[in-house]
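Numbering of ligands and ligand atoms starts at 1, following listing order. This structure is a prediction, so every number in the text was calculated from the model and none was measured.
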Amino acid sequence: MDLRLRDPLPGEPPEPEPRDPDPRRGVPRTDAVLADPRLADAVGALGGTIVKEAVARAQGRVRAGEIGPADVVAAALDGLPPRAASLGPVLNATGVLLHTNLGRAPLSAAAREAVAAAAGCADVEYDLSTGRRGPRGRGALDALLAACPAAAAAQVVNNNAAALVLAATALAAGREIVVGRGELVEIGDGFRLPDLLASTGARLREVGTTNRTTAADYAAAIGPDTGFVLKVHPSNFRIEGFTAEARVADLAALGVPVVADVGSGLLAPDPSLPDEPDAASALAAGAALVTASGDKLLGGPQAGLLLGDADVVGRLRRHPLYRALRVDKLTLAALEATLRGPRPPVPRMLRADVRDLRARAERLAADLTADLTADRTADAAGRAVDVGVVDCVAVVGGGGAPGVELASAAVSLPDGLAPALRAQRVVGRVEDGRLLLDLRSVDPADDARLRAAVLAAVRAAREGN
Ligand SMILES: *Cc1c(COP(=O)(O)O)cnc(C)c1O
């Protein structure tokens, strides 16, 4: 008989002890085992079903005479999967530099240190020289203005979506936002910019067509109800062929404020991404306000950057909604350190020379081959693990530069290793039946970690076979 069948349901009185002396004598009752604080903890973290199954397996081992009754708790704990739900570090070997599911931009070492240093009490809104309250996050705002001198004022909110919500609420609630039809984008995971803007109470006034919108289309729609003209960078797709779009400079000439969502967070033009808009150029062209993300090409923490005219930024800062969207001290610390340098990982990965990536891949493949040989190269079926090096193509990711292909190099492994490697917290990509570990999205400082993880994954996969 399976002991699990006797488990009391929640709220049911526990069943009396079985009278049958053999062979279950001495098997600790499920409710008594579950009362152990370590298992109670595990129920909180993993859910009751998984933990009860582990307890039942341990009880089965007592019945089978494999372990003593006193060992049931330890055996049940042993049989639990690792705490799956906790957020932790992952190596992004997907070749997608800005992988939203993997936390977008990895912070620079300086930014990580700044976060740790600000984690206690910090002068986030305090002036140590006067002993009085000071402007919140002044260091980050000063760094932002230093990095983008075209802006007269700056503010920071939770993310670019929050920046747009704040702008729409403060500048256009109950009025119209004039926007081109080709720029009503879906950011990802079902979040659509038009829905986001409409949720603020602003009305969207769509102009032009999907592929062609001219300054005259905007001019015809502008009227007394216009809150602002919105220019959105289509950052995750491209429209090619018979296309036209109005430039910020043309729109700024129409006499209403222009808000430019540049998306990626480039503060100044980047010659390696000639089609990617940047804050300085939009402001120079006459935009009253630029919004952007902090954790895309800027390579910093999740944040929404607001850069622009002092009066417009001031209106946003004073709006009650700002208080609900502002960022915490950790974000401010990370942003300031990102902006002050040294250059964070994402812009470095973007510029990495493909020959260096290839050299890293060769070295890693050679090291792994040696490791695996020393580790008895043959797998369970007697075959060696096939480690190779391939040329491949990395991408910036949904966060920017759609269509830009970045020449890259990868270590290639059997695709069956993907789950074991994920268990080691490494995510690669499967291409043409091979698992590729694309080195453009891996910080060179992590190559040793990657090597150790592959070795551990191969061992685990062998044991699992
Ligand atoms: C990414 C993106 C957003 C959303 O930014 P979050 O910082 O993720 O909120 C909005 N607009 C554009 C053009 C984007 O590229």
Report yes if L164 has an N/O atom closer than 3.5 Å to an N/O atom of ligand 1; otherwise report no.
->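 No; the residue has no nitrogen or oxygen that sits under 3.5 Å from a nitrogen or oxygen of the ligand.
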
N or O contact, N160 vs ligand 1, cut-off under 3.5 Å =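 Yes - when backbone and side-chain N and O of N160 are compared with those of ligand 1, one distance drops under 3.5 Å.
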
Test side-chain hydrogen bond (donor to acceptor under 3.5 Å, both in side chains) on D278 and S281 and set out the steps.
-> CA-CA 6 Å; D278 65 278; S281 304; 2.6 Å; yes

Number the atoms of ligand 1 from 1 as they appear, then name those within less than 4.0 Å of a heavy atom of [X], with their elements.
X: H233; answer: 13 (C)
X: G263; answer: 12 (C), 13 (C), 14 (C), 15 (O)
X: D261; answer: 10 (C), 11 (N), 12 (C), 13 (C)
X: R104; answer: 6 (P), 7 (O), 8 (O)

Taking D391 as the fixed residue, which of R358, R440, R355 is the one that meets the salt bridge (Lys or Arg N to Asp or Glu O under 4.0 Å) rule?
->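 That would be R358.
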
Has K296 got any heavy atom lying under 4.0 angstrom from an atom of ligand 1?
->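 In this structure, K296 qualifies as a contact of ligand 1 - some heavy atom is under 4.0 Å.
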
Criterion side chain to side chain contact (heavy atoms under 4.5 Å, CB included) on L332 and E336, from CA distance to verdict | CA-CA 6 Å; L332 289 166; E336 179 177 352; over 6 Å; no

Would you say that more than 12 heavy atoms from the other residues, nucleotides or ligands in this model lie under 6.0 Å from the [atom1] of [X], or not?
X: R351; atom1: CZ; answer: yes
X: E405; atom1: CD; answer: no
X: D353; atom1: CG; answer: yes

